[in-house]
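Below, all heavy atoms of this structure are taken into account, side chains as well, without hydrogens, waters or symmetry copies.
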Amino acid sequence: MHHELISSPHSPGNSHSLDGIIDHTSISDSLSYIDAPLTSRPLPQSFGHIPEVHAIHHIRSFDPSVAGSSSLHYADYPLPNSIPSDISGPEDPLENIRALGRDGEVWDQRPTSEEERLWDTASEDSETQFVNFALLSHLAVRLRDTVPRGTHVKGSIPYPRAFTGKDIVSAIQSQIQRDLMENHSWPASDRRAALQVARSLQSQLFFYEVEWGSRMLQDGVEDVYMFLDDQDGSDAAPEREELPTGVTTILAKCYSPSCGEGPTCYVNTCPRKADAWPNTASPDLIKSLPASEVNRQIIIHKLISKEEQYVEDLDMVDSVFIKPLRMADPPVIQPYILEDFIDDVFGNILELRQCNKRLFEVMCVRQREQAPVIQRIGDIFLEAATIFRESYPVYVGHHPLAEKRMREEMERNPEFRLFIEHCSRQSTRPGDSIRLDLRHYLNRPSEHLQKYPVLLQAILNETAKGNPDAGYLAEAIKAIKNLQTVVQLKTFQTAMGKGLTSKWEWADLVPQNLREFTSDEKHRQAVIFELIKGEMTYVRDLENIEAIYIQPLRNAEPPIIPRDKLDNFIQDVFHNFAELHAHHRRLVDTFHEIQFEEHPTVRSITAAIFDAALNFREAYMEYIPNYPIAAYRLDHEMENNPAFRSFSENTMRHPDTHQLDMKSFINQPIPRLLRYEVLLKKMFDLTPHTHEDKEAIPHIVDVIKALGREVEPGVLSSKQKVNLWTYNANLVHKPGESIDMDLLNEMRSLIHTGKLLRKPDRGSERNGWNQLFVLLFDNYLVMTKVVAGGGIAKYHVDRRPIPLDLLTLVSFNEPAISRSNLGRSNNSSASSASGGHSDSNGDSRVLYPFRMHHNGRLGGPCVLYADSSKSRAEWKHKLEEALGLRKVVQESNKVFEGETLSIDTFSVPANPASPVIPWSEGGTITGPVTCSIPFNTPDGRGLVAIGCAEGVWIGFRHDSHSMRRVLHLKMVTQCTMLDDFGLFLVLADKNLFAYHIEALVPATPNQPSNASPTPQKLNGSREVSFFSVGIINNRTSVIYMRKRGNDSHFHVLEPVIDRINEKVKPSGSIFERLKPSRTEWFRHRKEFFLSGESYDLIFFKAKVAVLCSRGFEILDIETVKSVTLPQRQDSRFAPLLKRFDTCRPVGIVRSKEDEFLLCYDEFGIYVNKHGDPSRVSSTIEWEGTASSVAFHAPYVLLFDPRFIEIRHVETGRLAQIIPGNDVRCIWDGRGLSSNNVLTPGDVPEDQMVQEARVHAVLKLNDLSVQNVGRQTKPITLHVFELIPTIPIYLPGSLASPTTATFFPTFSPPRSPQLRPSYRA
């Protein structure tokens, strides 16, 4: 940075003056900087050194662009060709410093011996009175003799008479410290000025680093230095030809060294001229005014000049920072947050500019009107104080948050940091070179507001008594001081309890002169303040939930909680906290408005609290009951998710959490309600009897108490729900047995728990008793044994859980039994062997038995014992309540319901041994119904065909009276329709026949059909065990199986449409009509066989599954290659190998795209497409023994003679039990339009096909009369179809969490959407 010489009109002969060779850093700005508070004072960017006027061969100047950095940049300057005559002196630089102080001249000769004596004996003041610390040469002379020197070692080499960087800085600080403190208000502990002086001396080789390194000098002991001309072993100061030269601007009083020696300084920009009002006024006026008025006018003019500078600084903020920030291209801050950022950082600073511009304009008008002597100034500031009240509290109160926001942005956004640095280089005030950063400008309003009372008080002190302005000034001072109190209040409100403001109390915000209240009123105001302060802290904590927990969880990479579970976790844990925050944020805003208007004495806040209590009631009614669930979810996640546990521990280190955990934050709303009650009661006790709060406060307390009472049932329900989940988490099933009891369903409830006793199946214990802990849920009864360990109780399932649908209560009125007697009766053999003596320590306690029956496959009678009649009665009541509730819920939410197809057509004899007259002989007995198939005629009529022992009946669906016998066949076992070909297939007496459906059901009634009435026999002379139809590789196939020895032979037939549609040929002789027909309608496609017995065949898209004694053979009929499921070689199937051999396969269903559910008659297993286990739980044990399986996506229906068991195919969870007598499946949904092995994903649960896909039959009545020799009434068979229902859900509990993802549930199902039938 090159400083060129300029001509000064103040120099004789227009020669180069001092002003021309000095760096034009405005001293006034340096002084303004010094006047600033130390906490906000930056190091001046122009802080450095400028050349001295004399004896310099080259001059070096500090580069302001790198001020405050660890390095300095200097530029060389040429010497002036001549020195002004009024400041000329000796050419020897050393003589210059020695000649100071003689008769007021700048340059002097060497002091005499007398002067030396006086110098040595004088005080410190006299010692330094002739030293100008702004001149680097003066400091160099004094420094040479004061810096401590000794032997220092660096690089293993000792250097005598050396010193460290800290030594030289300390020596300089000792020289300039007093001058900085007295003349420039520089803090005593600030060593930056001394460090910069030391670096300037080093740059001019006044001393050097012993290893001649290039590192900049630091205020430390890392480096060692020596004076360049130091002599070893000699303390004498050497004679130097040159001294370092330069001017330290921060230490200078003015640009001119002679400033202050005369009445005025010749430099135009001298800061001493800032108060030069007497210089502008006429001498006669000055003489005519008293000294106090002169001082008054000087202060008033100084106040006007400071106001002008302040307005210019606010203009600078807009022009240098805000506008460029908006216009930056590319944008420094993302456009969608730019305006919010500007609001956060700059606040309403432009409003302040408008206020102060108006103030400055009014002062300028007053100055113009009353010049040269301004008569009044107080009235202007009194009016300004009123205007400032609307703007300054908002800005100054928000300023700490603005600084924090800017600091955070600069730390995380390097582009913004560079932008601010660039703008700061352009922020030089007009007329000077000091550059101020943005932080300084943002702090200016606060500083400027604090200076008003000081300056106005100074004017008031100089104002004569009787001057009208005195009253205005006093009121203005009072108003602005009150404004500062309001600013302090606004700072407290804006901080929302953060930082130092969290320790403020009401007394801290009230000036001493305003504290004259009664003791009760002081305490009342303190309580009101405590309530408001607590409300602010509460709102801030609610805001921190979003900032500290929710957003980090959402933004975490990798996710702390899986994305598909995160939303439900946040909903369950934090619930409707945002709603609470909205209510309390409004309440805080209302409190702040009341405070702002009424501070320091708030009359009442009860109206605001009462309004809020009425409004936030519903929000708390939802939030508080959810807290037990939230706490459970947190504990569960902490226990099972290490990443979340680490996240929770890290958040406790956040300064805003005060080392509290997440559970403490979500618990905040509960104690907050209680705190209202406590503080309101305190306020009530301190309120005068005549105050309206005496009547209002009890009403508010009643509202809050009522809210507490109203949430109690919800809390209890939530706790019960949490207990239920806790039991679910701690239930331990027997190895290999896992039952999904749907305990995490939001509709689930725990009805009763308690201890009961049971005799073991094989008594081996001392008294033969098992103590059980029995859990009664609304869907299962579970008997467990409690095993405690590690502080957690585990509940080991003792017997298979009993579905309430299969539980029957038998007896609750048996007499009480002695515990010891029962033990002896059950161990009579042991007693006899021991001589019949009972245990002397026998237990004489009385037990009360009650009996139940489990109707499932693994069930049977169950006897439990209660320890009191009251306990037994309670169990009876709870069991009856649970069974009744289960019946109501299942009736309202059943998955399927039966729709009658026939109720009076088919029957079987009540006593098979009794003689009966079959249907074919005019009787009413049709025999067992074995099969059915629904179909539609070409004209759209919906019919159903039902097969039984006496033939095939066809009738309209849902019209039982329309059933007519159409085929007189015996022992019909299967029937189906080939819709696309118009053929009806029926298996009767092990022969497979094909009929034209037109021959059975003419399209036009009473009109002859063109279709052949003669069936075709498809199996020739071979006996058929079963057949199946389906589409494989887009080709319709009929596959029937016949047994040959122990092998199963399969024949694949394919219908030929052209042959089927051929017209009927005229029949020939009677012999031709009786000749058996060949399979003209079908083409023989393939034949294959499997060894062993086969039970069924199911079609896939490209393959078939044969259910056989080996399991499930997945076979390609083209290549006849097969794979057996399950893969028995898998070690995970080892416990099931024996059951694979003893249990019969009854069905296979695709549960997912790459997963199958293999259904045996006793259990089911999930396998992948290779036959390996696909799930951890090995089996699903059916409640009954499945004789057949049907599938209506997404449910599997298993038919036991006593009930139909309905389970969800993906979870295996029990959804419904349909009881019945001799229940059998007669159509499992298979047909040409849809293969049986559908994927549930293909048919979403909420879009289930609403038309029936399963038919069943059961006996309506059992043998009622059984008299020998008399014929009993036949048993009617009820043929029905199972139609999916639209559930009617009961109202959910307040405790129900949102668990659709985290706790997947399919029972009860969601209400499905109706859609057209697949057969429509």
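- Between the side chains of Glu1155 and Ser1174, at least one donor N or O lies within less than 3.5 Å of an accepting N or O.
- In summary, the aromatic rings of Tyr627 and Tyr632 are positioned with their centroids too far apart to meet the 6.0 Å limit.
- Ile548 has its side chain within reach of Asp656: a pair of non-hydrogen atoms, C-beta onward, lies under 4.5 Å apart.
- Looking at Ser664 and Asn667, their side chains never bring a donor and an acceptor atom within 3.5 Å of each other.
- Lys878 contributes no side-chain N or O that, together with a main-chain N or O of Thr753, makes up a donor-acceptor pair within less than 3.5 Å.
- Between Asp1154 and Lys1169, no side-chain nitrogen of the basic residue sits less than 4.0 Å from a carboxylate oxygen of the acidic one, so the salt-bridge criterion is not met.
- Aromatic ring centroids of Tyr549 and Phe665 lie under 6.0 Å apart.
- Using cut-offs of 30° and 60° on the angle between ring planes, the pair Tyr727 and Phe773 is tilted.
- Side-chain rings of Tyr620 and His584 approach one another, their centers coming within less than 6.0 Å.
- Distance check: Met747 CE to Asn893 CG gives 6.5 Å after rounding to the nearest 0.5 Å.
- Applying the salt bridge (charged side-chain N to carboxylate O under 4.0 Å, His left out) criterion to Asp567, with sequence neighbours excluded, gives Arg554.
- Within the 4.5 Å cutoff, the side chain of Gln720 has no heavy atoms near those of the Leu716 side chain.
- Glu535 and Tyr676 share a donor-acceptor pair across their side chains, judged by distance under 3.5 Å alone.
- Residues that satisfy the ring-ring contact (aromatic ring centres under 6.0 Å, His included) test with His654, not counting sequence neighbours, are absent from this structure.
- Of the possible donor and acceptor atoms, one in the side chain of Thr651 sits under 3.5 Å from a partner among the backbone N and O of Ser648.
- In summary, the aromatic rings of Tyr623 and Phe577 are positioned with their centroids too far apart to meet the 6.0 Å limit.
- Between Gln551 and Glu546, the side chains place a donor N or O and an acceptor N or O closer than 3.5 Å (distance only, hydrogens not considered).
- Taking the six-membered ring for Trp and the full ring otherwise, Tyr1160 and Phe1163 have centroids separated by under 6.0 Å.
- Applying the side-chain hydrogen bond (donor to acceptor under 3.5 Å, both in side chains) rule to Asn641 yields the partners Glu637; only residues at least two apart in sequence or on another chain are considered.
- No hydrogens or angles considered: nothing links the side chains of Gln1127 and His1170 as a donor-acceptor pair under 3.5 Å.
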